[in-house]
Asks: 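The structure under discussion is supplied below as structure tokens; questions concerning it will follow.
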Amino acid sequence: MQVNWRLIHAAHNTYAVLAAACGQEGYLLYRTDTPQDDVTCYSINSINASRYRDEIASADCITIVGGPHATAYPRETAEYADYVVVGEGEFTLPRLLMQIENGSEGKIPGVATGTWYQPADSCVRLDMYPPFSLRQGYVEISRGCPFSCGYCQTPGIFGHCMRHRSIDLIAAFANRYKDSRFVSPNAFAYGSDGIHPRWEKIAHLFKKLKNRIYFGTFPSEVRPEFICEESLSLLTTYCSNTRLHFGAQSGSNAVLDRLMRGHTVDDVIRAVELCNEFSIIPVADFIVGFPFETDEDEKMTLDLMRWVARSGTVHVHRFLPLPGTPLSGTTARSLLPETENICGKLAYSGKLTGSWKDPEIRFFRRPSNDIP
Ligand code: SF4
């Protein structure tokens with residue numbers, strides 16, 4: 001049985017991960033830009049779902065669809081796909097392929113079809129699967145997040161309990177290339193429960209890596225309250241990045257509370273000041289246009305963005321109410337004229353990346369100058 005992977009730029013790392021997992025079970029995933037016999041797999045997000053819907057619906061082959069959008073809307077996706085993989089795919093996808101190949105029937109946990117949906121009954125142990133095989137990807141060091149930020153799909157897809165890949169396995173894969181780059185919901189939480197840092201684990205990991213280490217850069221940004229003397233000492237001792245990317249999101253404590261971010265504006269200010277002390281350039285993420293923001297909240301965010309930009313850069317995103325998040329179903333508010341004006345000026349001076357207008361850049365597309 002030939003199994004194909006529909007090339008979608010935003011799902012490159014998912015392809016690396018699932019090609020490795022399926023390869024372990026004897027299924028090669030052939031890359032294709034059209035649906036092909038016998039089976040074609042897709043990973044779609046909420047921005048590109050509408051772009052692929054007709055292609056999937058009219059495909060002459062068996063289609064399997066996963067990814068954040070399919071996970072948030074399994075039944076709707078099953079209206080146009082033959083099978084939907086809901087949540088993590090490393091265990092589920094090879095199992096489903098085996099069943100299709102054998103022609104057997106039965107409900108597979110983590111799969112939905114037009115007639116049934118069997119929720120997953122387990123989660124993946126990262127050490128059971130290589131982070132990539134033939135196709136290089138970022139090494140995913142941790143999965144899951146104990147926080148519940150209102151705009152974020154991560155806990156809904158991967159759960160609130162952090163899981164980590166072991167140091168030896170991370171090193172075995174990361175050391176194959178000249179740079180070590182990682183995927184994590186919060187790289188400084190490696191080895192921990194996601195709330196109480198374990199610096200000794202990160203030090204141990206760094207000592208095992210023999211190449212240039214990029215840690216706390218996309219796609220392994222960190223949370224601001226994890227930026228402290230210990231973490232910055234580790235960064236400056238072992239890592240090659242001169243920038244540290246973290247989520248600030250708002251200059252208003254009221255907004256941070258509504259978002260359930262679990263940190264304050266003071267944590268952001270302290271993080272920036274510490275970066276300055278350690279000669280690290282801070283890069284802070286902000287989101288504009290939350291539905292419940294007041295004009296005053298938005299102005300406080302602008303003030304904080306301008307202050308961060310004095311010593312670093314800001315990465316601005318337009319709020320997008322993603323399915324499967326607490327803010328799903330809400331609507332982004334219109335921005336103040338001064339937000340457009342200030343963001344434009346910061347962008348013009350090279351102090352702002354991202355887009356305060358285009359939500360696609362927030363979640364699924366990076367401007368080329370932002371890729372480290
Ligand atoms: S934004 Fe970060 S900290 Fe918040 S829920 Fe998502 S992964 Fe966790």
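Residue indices begin at 1 and follow the sequence shown. Every heavy atom of this structure was used, including side-chain atoms; hydrogens, water molecules and symmetry mates were not.
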Asks: Heavy-atom distance under 4.5 Å between the side chains of Asn175 and Leu209, does that happen here?
Replies: yes
Asks: Side-chain contact test, heavy atoms from C-beta onward, threshold under 4.5 Å: evaluate it for Val111 versus Gln118 and give yes or no.
Replies: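 Not touching, per the 4.5 Å side-chain cut-off.
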Asks: Taking Thr294's backbone N and O only, do any of them form a donor-acceptor pair with Asp297's side chain (distance below 3.5 Å, no angle check)?
Replies: yes
Asks: Would you name the heavy atoms of Pro146 and Asp193 that are closest together and state the gap between them?
Replies: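 Nearest pair, atom of Pro146 first, then Asp193: CG-O, 3.5 Å.
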Asks: Looking at every non-hydrogen atom in both residues, tell me the closest pair between Leu304 and Gly251 and how far apart they are.
Replies: CD2-CA, 3.7 Å
Asks: If you group Ile, Leu, Val, Met, Phe, Trp and Tyr by side-chain heavy-atom gaps below 4.5 Å, do Ile213 and Trp199 land in one group?
Replies: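 Yes: a chain of side-chain contacts under 4.5 Å links Ile213 to Trp199.
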Asks: Check the side chains of Thr113 and Thr115 for a donor-acceptor pair under 3.5 angstrom, ignoring hydrogens and angles.
Replies: yes
Asks: Taking the six-membered ring for Trp, are the ring centroids of Tyr190 and His164 within less than 6.0 Å of each other?
Replies: yes
Asks: Side-chain contact, heavy-atom cut-off 4.5 Å: His315 with His317?
Replies: yes
Asks: Would you give the length of the straight line joining atom CD1 of Ile202 to atom OG of Ser231, rounded to the nearest 0.5 angstrom?
Replies: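 It comes to 7.5 Å.
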Asks: Is Asn102 reaching over with its side chain to a backbone N or O of Gln99, donor-acceptor style, under 3.5 angstrom?
Replies: no
Asks: Using a strict 4.0 Å threshold on nitrogen-to-oxygen distance, state whether Asp127 and Arg125 make a salt bridge.
Replies: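 Between Arg125 and Asp127 there is no salt bridge, as every charged N stays at least 4.0 Å from the carboxylate O atoms.
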Asks: Under a 4.5 Å cut-off applied to non-hydrogen side-chain atoms, are Ser122 and Pro109 in contact?
Replies: no
Asks: Give the C-alpha distance, both sets of side-chain angles, the deciding distance and a yes or no for side-chain hydrogen bond (donor to acceptor under 3.5 Å, both in side chains) between Asn211 and Ser180.
Replies: CA-CA 7 Å; Asn211 48 8; Ser180 285; 2.7 Å; yes
Asks: Got a salt bridge between Glu55 and Arg53, using NZ or NE/NH1/NH2 to carboxylate O under 4.0 Å?
Replies: no
Asks: Residues in salt bridge (charged side-chain N to carboxylate O under 4.0 Å, His left out) with Glu88, at least two apart?
Replies: Arg143, Arg163
Asks: May I ask you to check whether Glu298 and Thr339 show a side-chain donor-acceptor distance below 3.5 Å?
Replies: yes
Asks: Is there a side-chain contact between Ser58 and Tyr80, using heavy atoms and a 4.5 Å cut-off?
Replies: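 Ser58 does not reach Tyr80 side chain to side chain.
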Asks: Of all heavy-atom pairs between Asn241 and Cys239, which one has the smallest distance, and what is that distance?
Replies: OD1-CB, 3.3 Å
Asks: With a 4.5 Å cut-off on side-chain heavy atoms, are Asn186 and Phe246 touching?
Replies: no
Asks: Any side-chain to backbone donor/acceptor pair from Arg165 onto Leu126? Under 3.5 Å, distance only.
Replies: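 Side chain of Arg165 to backbone of Leu126: a pair is present.
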Asks: Looking only at atom types and distance, does a side-chain atom of Glu340 sit under 3.5 Å from a main-chain N or O of Leu335, one as donor and one as acceptor?
Replies: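 No; judged by distance alone, with no hydrogens or angles, the pair does not exist.
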Asks: Between the side chain of Asp285 and the main-chain N/O of Ala248, is any donor-acceptor distance below 3.5 Å?
Replies: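 Pair absent, no side-chain N/O of Asp285 close to backbone of Ala248.
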Asks: Quick one: does Asn48's side chain have a donor or acceptor within less than 3.5 Å of a partner on Arg51's backbone?
Replies: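 Pair absent, no side-chain N/O of Asn48 close to backbone of Arg51.
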Asks: So that I know where these two stand, are Phe182 and Phe215 an aromatic pair - ring centroids less than 6.0 Å apart?
Replies: yes
Asks: Honestly curious: do Ile157 and Tyr83 fall in one hydrophobic cluster under the side-chain, below-4.5 Å linking rule?
Replies: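 Hydrophobic grouping puts Ile157 apart from Tyr83.
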Asks: Starting from Phe188, can I reach Phe158 by hopping between I/L/V/M/F/W/Y residues whose side chains sit under 4.5 Å apart?
Replies: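 Result: no, two separate clusters.
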Asks: For a quick test of reading the model, state the closest non-hydrogen atom pair linking Ile56 to Val65 and the distance between them.
Replies: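 So the two residues come closest at CD1-CG2, 3.8 Å.
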Asks: So which of Val272, Leu235, Ile227 actually passes side chain to side chain contact (heavy atoms under 4.5 Å, CB included) with Ile280?
Replies: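 By the side chain to side chain contact (heavy atoms under 4.5 Å, CB included) criterion, Ile280 pairs with just one of Val272, Leu235, Ile227: Leu235.
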Asks: Verify, without hydrogens or angle tests, whether Thr92 (side chain) and Gly89 (backbone) share a donor-acceptor contact under 3.5 angstrom.
Replies: no
Asks: Tell me, yes or no, whether the heavy-atom count around Met1 atom CE, taken from other residues, nucleotides or ligands under 6.0 Å, exceeds 12.
Replies: yes
Asks: If you compare all heavy atoms of His160 against all heavy atoms of Ser148, which two are closest, and at what distance to 0.1 Å?
Replies: CE1-OG, 3.1 Å
Asks: Quick check on the hydrophobic clustering: are Val314 and Val268 connected, directly or via other members, by side-chain heavy-atom contacts under 4.5 Å?
Replies: yes
Asks: Is Arg6 salt-bridged to Asp33, going by a charged N under 4.0 Å from an acidic O?
Replies: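 Salt bridge: no.
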Asks: Within a reach of under 6.0 Å around NZ of Lys351, are more than 12 heavy atoms found that belong to other residues, nucleotides or ligands?
Replies: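 More than 12 within 6.0 Å, yes.
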Asks: Just how far is it from atom CD1 of Ile100 to atom CD of Glu105, taken to the nearest 0.5 Å?
Replies: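 Taking CD1 in Ile100 and CD in Glu105, the distance rounds to 12.0 Å.
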Asks: Using a strict threshold of under 4.0 Å (side-chain N to carboxylate O), is an ion pair present between Arg258 and Glu293?
Replies: no
Asks: Do other residues, nucleotides or ligands put more than 12 heavy atoms under 6.0 Å from Asp60 CG?
Replies: no
Asks: How are the rings of Tyr15 and Trp5 set relative to one another: parallel (under 30°), tilted (30 to 60°) or perpendicular (over 60°)?
Replies: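 Tyr15 vs Trp5 ring planes: tilted.
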Asks: Between Thr34 and Gln36, do the side chains contain a donor N or O and an acceptor N or O under 3.5 Å apart?
Replies: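 Yes, side-chain donor-acceptor contact under 3.5 Å.
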Asks: Mind checking whether Phe206 and Tyr238 have ring centres under 6.0 Å apart?
Replies: yes
Asks: Establish, from distance only, whether the side-chain atoms of Thr217 and His245 form a donor-acceptor pair under 3.5 Å.
Replies: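 Side-chain D/A pair, Thr217 to His245: absent.
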Asks: How long is the straight-line distance from SG of Cys41 back to OH of Tyr30, given to the nearest 0.5 Å?
Replies: 13.0 Å
Asks: Show, in sequence, the C-alpha distance, side-chain angles and deciding distance for Phe319 and Tyr151, and conclude whether the ring-ring contact (aromatic ring centres under 6.0 Å, His included) test is met.
Replies: CA-CA 8 Å; Phe319 169 68; Tyr151 53 84; 7.7 Å; no
Asks: Is it the case that the side chain of Glu221 and the backbone of Pro185 share a donor-acceptor pair, with hydrogens and angles ignored and the cut-off at 3.5 Å?
Replies: no
Asks: Evaluate the ring planes of Phe290 and Phe292, with Trp represented by its six-membered ring, and classify them as parallel (under 30°), tilted (30 to 60°) or perpendicular (over 60°).
Replies: parallel
Asks: Would you check if the side chain of Asp38 reaches a backbone N or O of Gln2 as a donor-acceptor pair within less than 3.5 Å?
Replies: yes
Asks: Here's one to test your reading of the geometry: is the NZ or CZ of Arg223 within 45 degrees of the ring axis of Phe147 and under 6.0 Å from its centre?
Replies: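 Arg223 over Phe147 ring: yes.
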Asks: Please examine the side chains of Leu322 and Pro68, heavy atoms only from C-beta on, and report whether any two atoms are closer than 4.5 Å.
Replies: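 SC-SC contact between Pro68 and Leu322 ruled out.
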Asks: State, yes or no, whether a side-chain contact exists between Val84 and Ile64 at a heavy-atom distance under 4.5 Å.
Replies: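 They are not in side-chain contact.
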Asks: With a 3.5 Å cut-off and no angle check, do the side chains of Asn4 and Thr32 form a donor-acceptor pair?
Replies: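 Not at all, the side chains of Asn4 and Thr32 share no donor-acceptor pair under 3.5 Å.
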Asks: What distance separates Leu302 CG from Leu346 CG, expressed to the nearest 0.5 Å?
Replies: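 Those atoms lie 8.5 Å apart.
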Asks: Nearest 0.5 angstrom please: Leu259 CG to Leu327 CG, how far?
Replies: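 Answer for the CG-CG pair, Leu259 versus Leu327, is 6.5 Å.
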Asks: What closest approach, in Å, do Thr313 and Gly350 show between heavy atoms, and which atom pair accounts for it?
Replies: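 Scanning both residues completely, I find the closest heavy atoms to be CG2-O, 4.0 Å.
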Asks: Would Ile62 and Val3 show up in the same hydrophobic cluster when neighbours are defined by side-chain heavy atoms closer than 4.5 Å?
Replies: yes
Asks: Between the main-chain N or O of Pro35 and the side-chain N or O of Thr40, is there a donor-acceptor pair closer than 3.5 Å?
Replies: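 No: the side chain of Thr40 does not pair with the backbone of Pro35.
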Asks: Atom CG in Leu169, atom CD1 in Ile167: separation rounded to 0.5 Å?
Replies: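 The CG atom of Leu169 sits 11.0 Å away from the CD1 atom of Ile167.
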